[in-house]
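We name chains A, B, ... by the order of the sequence lines, and we start the count at 1 in each one.
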There are 4 protein chains.
Amino acid sequence: MTKPAQTNTVAGKELLSFIERVERLNEEKKSLGDDVKDVLGEAKGKGFDVKIIRKVISLRGQDRVKRQEEQEMLDLYMQSIGMMG
Amino acid sequence: MTKPAQTNTVAGKELLSFIERVERLNEEKKSLGDDVKDVLGEAKGKGFDVKIIRKVISLRGQDRVKRQEEQEMLDLYMQSIGMMG
Amino acid sequence: MTKPAQTNTVAGKELLSFIERVERLNEEKKSLGDDVKDVLGEAKGKGFDVKIIRKVISLRGQDRVKRQEEQEMLDLYMQSIGMMG
Amino acid sequence: MTKPAQTNTVAGKELLSFIERVERLNEEKKSLGDDVKDVLGEAKGKGFDVKIIRKVISLRGQDRVKRQEEQEMLDLYMQSIGMMG
DNA sequence: TCAGATAAAATCGCGC
DNA sequence: GCGCGATTTTATCTGA
């Protein structure tokens with residue numbers, strides 16, 4: 001950016017504000033990603049197998065999702081036989 | 001898994017701790033992802049085109065040189081198959 | 001699931017049949033997706049840039065008018081936040 | 001395309017060939033997607049709840065994936081303690 | 001450092 | 001027309 005941004009219009013300023021908010025959130029996300037890397041690096045330093053840890057985390061996540069979806073399934077059934085709303 | 005997880009050993013406890021730290025970070029990331037969605041939803045509510053905003057953000061994040069190079073390669077490919085007269 | 005699926009009823013059998021037909025179709029779709037990957041892999045082996053090829057395919061599939069409109073809106077947004085001098 | 005494609009170069013012809021192969025595969029995929037819609041429409045016509053059918057299919061898919069991943073997990077453990085290659 | 005694999009994001013399209 | 005689910009694309013990460 002060699003020139004000052006010409007956000008002279010109201011809409012331009014508002015748009016830029018939205019964009020910058022999103023960019024800020026994205027940076028925080030990236031930072032958290034780096035934190036994850038650090039933690040896994042630390043685990044590796046203690047002799048743990050990072051690949052296995054990732055797999056465990058993934059499987060635990062699947063369990064959670066599956067439990068949620070089974071509940072949704074039940075709700076769906078109940079809706080469909082007129083037990084809800 | 002018929003047995004409770006073996007968090008009784010020292011290594012087991014340490015491993016679980018690493019796993020939970022990562023999971024916590026992942027949740028925060030997910031939460032930020034939801035925040036992004038909220039912001040974009042708000043922008044949409046004000047009449048902005050979310051798809052375009054995303055594209056702008058993406059372009060702002062890319063290196064200008066790299067962007068140009070990719071565009072040139074794209075043009076080259078399109079010329080080579082007769083897409084550009 | 002402690003009980004076997006109730007495919008003993010007529011409706012249950014019919015339902016299962018629908019489900020399996022859809023699953024079969026989904027597998028075929030997946031298989032075609034793998035074929036696409038193979039072709040692109042082959043192209044890559046010949047020195048082509050897969051990412052660019054994907055983009056070309058995408059552009060060929062888009063309506064020219066719609067494409068222009070989106071580009072214009074993008075320019076408009078970028079101007080309004082001062083990205084285009 | 002008002003002009004004949006100028007795929008005069010060897011590379012251009014090869015590139016176009018790859019592109020057309022992918023496009024053909026994509027069409028087949030799309031066609032299968034339509035078939036899925038037809039099957040679900042038929043199920044709906046017989047009084048079944050399409051949303052539930054989709055959910056069942058999704059859960060069955062998750063089961064399959066989870067089973068596979070648990071196996072991979074075992075393999076990983078065994079590798080990590082030196083039981084495999 | 002790069003290819004291949006894996007996971008995350010963005011886009012697309014249906015159904016309500 | 002909007003949210004949700006599915007698919008596709010992008011980015012990250014690991015291993016050679």
Side-chain angles (χ1 to χ4, degrees), chain A residues 22 25-26 29-30 32-41 44 49-55 57-59 61-62 65 68-69 72-73 76 79-80 85, chain B residues 22 25-27 29-30 32-38 40-41 44-45 47 49-59 61-62 66 70, chain C residues 22-23 25-26 29-30 32-34 36-38 40-41 44-45 47 49-59 61-63 66 70, chain D residues 22 25-26 29-30 32-34 36-41 43-44 49-59 61-62 65 68-69 72 76 79-80 85:
Chain A
V22 171
L25 290 167
N26 282 159
K29 279 178 70 178
K30 191 179 178 338
L32 285 170
D34 291 342
D35 290 348
V36 168
K37 258 197 270 185
D38 289 346
V39 172
L40 291 177
K44 183 173 188 175
D49 184 321
V50 171
K51 199 168 175 184
I52 290 181
I53 294 181
R54 283 187 188 279
K55 191 60 109 179
I57 291 170
S58 158
L59 285 171
Q62 275 182 40
V65 170
Q68 272 173 212
E69 299 219 334
E72 281 167 28
M73 184 80 185
L76 221 50
Q79 275 185 340
S80 126
Chain B
V22 171
L25 291 166
N26 282 158
E27 276 164 36
K29 277 179 69 179
K30 191 181 180 332
L32 285 169
D34 292 343
D35 290 349
V36 168
K37 265 193 239 174
D38 288 347
L40 291 176
K44 180 176 189 173
D49 184 319
V50 171
K51 188 173 171 182
I52 305 288
I53 292 183
R54 282 188 193 276
K55 182 138 287 187
V56 172
I57 291 170
S58 159
L59 290 174
Q62 280 182 235
K66 201 174 157 230
E70 279 194 11
Chain C
V22 171
E23 285 175 341
L25 291 166
N26 282 159
K29 277 178 70 178
K30 192 180 180 331
L32 286 169
D34 292 342
V36 168
K37 268 194 234 173
D38 288 346
L40 291 176
K44 181 178 189 171
D49 184 320
V50 171
K51 192 173 169 183
I52 305 289
I53 293 182
R54 283 187 190 278
K55 182 138 289 189
V56 172
I57 291 170
S58 160
L59 290 175
Q62 280 183 232
D63 178 20
K66 200 172 158 232
E70 279 195 9
Chain D
V22 171
L25 291 166
N26 283 159
K29 279 179 69 180
K30 191 177 179 338
L32 285 169
D34 291 343
V36 168
K37 255 196 277 183
D38 288 346
V39 173
L40 291 177
K44 184 175 188 172
D49 184 320
V50 171
K51 199 168 176 184
I52 290 181
I53 293 181
R54 281 187 191 279
K55 189 62 108 179
V56 172
I57 292 169
S58 159
L59 286 171
Q62 276 183 38
V65 170
Q68 273 173 211
E69 298 218 336
E72 282 167 27
L76 220 49
Q79 275 185 340
S80 126

task = Give the C-alpha distance, both sets of side-chain angles, the deciding distance and a yes or no for side chain to side chain contact (heavy atoms under 4.5 Å, CB included) between A:Lys30 and A:Asn26.
result = CA-CA 6 Å; A:Lys30 191 179 178 338; A:Asn26 282 159; over 6 Å; no
message = For A:Arg54 and B:Val22: C-alpha separation, side-chain torsions, deciding distance, then whether side chain to side chain contact (heavy atoms under 4.5 Å, CB included) applies.
response = CA-CA 9 Å; A:Arg54 283 187 188 279; B:Val22 171; over 6 Å; no
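What you find for D:Lys29 and C:Leu32 is that their closest heavy atoms are CG-CB, 3.5 Å.
Look at C:Glu70 and B:Lys55 and you find no salt bridge, because none of the NZ, NE, NH1 or NH2 atoms lies under 4.0 Å from a carboxylate O.
The distance between atom CG of D:Asp38 and atom P of E:dC14, rounded to the nearest whole Å, is 12 Å. As a whole-Å value, the separation of A:Gln79 CD from E:dG15 C1' is 14 Å.
The distance from the CD atom of A:Glu72 to the CD1 atom of D:Ile52 is 12.5 Å, given to the nearest 0.5 Å.
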task = Any chance you could list the contact pattern along nucleotides 5-16 of chain F? Use B for base contacts, S for sugar-phosphate-only contacts and - for none, protein heavy atoms under 4.0 Å, 5' to 3'.
result = --SSS-S-SSS-
